[in-house]
Amino acid sequence: MRIDIRTPGLSTKLPAVGTTIFTVMSALAAEKGAVNLGQGFPDFDCDPQLVSAVTSAMKEGLNQYPPMVGVPVLRDAVAAKLSSLYGRSYDAGSEITITAGATQAILTIIIAVLHPGDEMIVLEPCYDSYVPNIVLAGGTAVLVPLMPGSFRPDFEKIEAAITAKTRAIIINSPHNPSGTVWTDADMHRLQHMLAPTDVLVISDEVYEHMVFDGAQHQSVARFPGLAARSFVVSSFGKTYHVTGWKIGYVAAPAALSAEFRKVHQFNVFTVNTPMQYGIAAYMADPAPYLSLPAFYQRKRDLFREGLKRTRFKLLPSEGTYFQCVDISAVSNLSETAFCKWLTTEIGVAAIPLSAFYADGFDQRVVRFCFAKKDPTLHAALVRLAKL
Ligand code: PMP
Ligand code: GLN
């Protein structure tokens, strides 16, 4: 008997989504032999001591499923860090969960808290996973622009976007892609605005240790009125130069963590055991994350000095490892066309800011990542000097 061999068609859940711009630009950079300042990741290695700590855990036989919420030593280390830096005591048992990176953490939070028809406020430009996550959860993303030009929060617009259906807002400081950092006054304003509401906060703090010029990271954990309604998300990938390890955490009050864990257990269940033990041991010394602002500020300054010799207009970079530039004086191309041209013809890859807007808004700004070895930055600057 003949059988009909065919793949059934399906109706996409994410019609607006293709391959992410990070993947597209990294592939183009590799194909063209360009210096890749596009996708955000370091081109230098992590501390060998961190690799040794993970290797030791593997050699000690710590290779089976860990507890669903993460190994106690790592949750204790995260709680101690949050307490010493931001002054809030999270209970390591009921309020901290280890995740397979921040991307998983954010999707799991959104699935756990949004019901179909709920609204969630997203400040644009934003990291590209947020809006598709909301769509997958059956919610509605309510897009509120950050202030044009400065990328600072526009509290009047945020307040106007809150309705009876608003379940959560996601914030991100230090901010990818703009490099802005929310101030103490911004956080007080948010705390005050949300106080009479039931709106939850998802605070994407993956760049928490990259804040420059003596400023402080304003974690929601510092503000009791915010912390009580917030999921704090961070990623060891950014902090320890291991973006490929995909490991991070969520800190949230026990009631919120309990709901988070219900979804987490059927999403990833557990996270890589030896890495959890290795990172826990490595965290005993705070120096690696405490020295990160100076480490990246030097790279930022080196990169900015070089860019001053081009016709790009430099935007501020207060935090993260990103530097945005206005391309108007250099080219008439759209941001995306410019990034492709820059990669192909000049040999340096960048990311268009339009990739961080649901409607592809083009403001003639592109993002460079300066988490690179000095020789990589110098090589890029030599090429960019032609502009
Ligand atoms: N949020 C932001 C703002 C990011 O830039 C990144 C890094 N790609 C993530 C979340 C995801 O982090 P992770 O690699 O730990 O999933
Ligand atoms: N966070 C990094 C960036 O913004 C990497 C993103 C990714 O590859 N998904 O470039």
Side-chain angles (χ1 to χ4, degrees), residues 17-30 36-43 46 70 78 97-110 122-134 146 151 169-182 201-211 217 219-220 231-251 264 267-268 271-272 275-276 279 296 317-324 335 339 343 349-357 365-372:
V17 169
T19 307
T20 82
I21 188 72
F22 307 109
T23 305
V24 170
M25 292 308 302
S26 281
L28 188 64
N36 190 357
L37 304 190
Q39 190 178 24
F41 64 90
D43 73 341
C46 65
V78 170
T97 311
I98 305 305
T99 64
T103 309
Q104 180 249 313
I106 293 166
L107 174 62
T108 302
I109 296 166
I110 291 175
V122 175
L123 309 179
E124 277 197 314
C126 69
Y127 188 55
D128 65 348
S129 74
Y130 300 168
V131 173
N133 285 182
I134 296 167
L146 292 165
F151 300 101
I169 177 171
I170 183 160
I171 62 172
N172 168 224
S173 173
H175 183 244
N176 180 11
S178 74
T180 50
V181 173
W182 286 32
V201 178
I202 303 168
S203 187
D204 180 346
E205 305 188 7
V206 300
Y207 300 104
E208 63 181 318
H209 301 296
M210 300 168 202
V211 175
H217 169 58
S219 173
V220 288
F231 293 91
V232 182
V233 178
S234 194
S235 171
F236 298 111
K238 315 283 172 190
T239 303
Y240 292 138
H241 315 308
V242 287
T243 59
W245 287 12
K246 299 302 290 186
I247 178 163
Y249 60 86
V250 171
H264 179 80
N267 180 188
V268 292
V271 174
N272 196 313
M275 278 175 190
Q276 291 196 52
I279 291 171
Y296 274 122
S317 169
E318 302 168 342
T320 72
Y321 44 46
F322 300 119
Q323 171 65 56
C324 288
E335 291 173 0
C339 287
T343 308
I351 299 288
L353 248 67
S354 51
F356 298 81
Y357 290 86
V365 174
V366 304
R367 186 198 83 179
F368 291 112
C369 172
F370 56 77
K372 305 294 167 189

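We count ligands from 1, going down the list as the structure has it; atoms in each ligand are counted the same way. For reference, positions follow the sequence shown, starting with 1.
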(request) Let me know which of His209, Glu208, Glu205 forms a side chain to side chain donor-acceptor pair (under 3.5 Å) with His217. (result) Glu205
(request) Select one of side chain, backbone, both or neither to describe which atoms of Gln104 lie under 4.0 Å from any atom of ligand 1, heavy atoms only. (result) neither
(request) Starting from atom 1 (N) of ligand 2, find the nearest protein heavy-atom neighbour and note its residue, name and distance. (result) Lys238 NZ, 3.2 Å
(request) For atom 9 (N) of ligand 2, grab the closest protein heavy atom and report residue, atom and distance to one decimal in Å. (result) Tyr127 OH, 3.2 Å
(request) Within a distance under 4.0 Å of any heavy atom of Tyr207, pick out the atoms of ligand 2 and give their elements. (result) 1 (N)
(request) Please confirm whether Asp128 comes within less than 3.5 Å of ligand 2 when only nitrogen or oxygen atoms on both sides are compared. (result) no
(message) Quick one about His175 and Glu318 (side-chain donor to acceptor, distance below 3.5 Å, no hydrogens or angles considered), yes or no?
(response) no
(message) Counting the benzene-type ring for Trp, do Tyr321 and Tyr207 have ring centres under 6.0 Å apart?
(response) yes
(message) Please confirm whether Phe41 approaches ligand 2 to less than 4.0 Å, judged on its heavy atoms.
(response) no
(request) Compute the shortest N/O to N/O distance between Thr20 and ligand 2 and return yes if it is under 3.5 Å, no if not. (result) no
(request) May I ask you to decide if Phe368's main-chain N or O and Gln323's side chain share a donor-acceptor pair within less than 3.5 Å? (result) no
(message) With a heavy-atom distance limit of 4.0 Å, tell me whether Asn172 approaches ligand 1 through its side chain, its backbone, both, or neither.
(response) side chain
(request) Quick one: sort the Tyr240 and Phe236 rings into parallel, tilted or perpendicular, breaks at 30° and 60°. (result) parallel
(request) Establish, from distance only, whether the side-chain atoms of Asn176 and Thr320 form a donor-acceptor pair under 3.5 Å. (result) no
(request) Looking only at protein heavy atoms, identify the closest one to atom 8 (O) of ligand 2 and say how far it is in Å. (result) Gln39 NE2, 2.7 Å
(request) Measure the distance from atom 7 (C) of ligand 2 to every protein heavy atom, then report the residue, atom name and distance (to 0.1 Å) of the closest one. (result) Phe22 CD1, 3.5 Å
(request) Compare all side-chain heavy atoms of Pro125 with those of Leu146 and state whether any distance is below 4.5 angstrom. (result) yes
(message) If we only consider heavy atoms of Tyr207, is any one of them less than 4.0 Å away from an atom in ligand 1?
(response) yes
(request) Could you see which bit of Asn176 sits under 4.0 Å from ligand 2, with heavy atoms only: side chain, backbone, both or neither? (result) side chain
(request) Quick one: look at Thr103 and ligand 1, take heavy-atom pairs under 4.0 Å, and tell me if it's side chain, backbone, both or neither. (result) both
(message) Does the residue His175 have a heavy-atom contact with ligand 1, meaning some pair of atoms that are separated by less than 4.0 Å?
(response) no
(message) For atom 3 (C) of ligand 1, what is the closest protein heavy atom, and at what distance to 0.1 Å?
(response) Asp204 OD2, 3.3 Å
(message) Below 4.0 Å, non-hydrogen atoms only: which portion of Met25 touches ligand 2? Side chain, backbone, both or neither.
(response) neither
(message) I'd like to check whether Phe322 has a polar contact with ligand 2, where a contact means an N/O of the residue lying under 3.5 Å from an N/O of the ligand.
(response) no
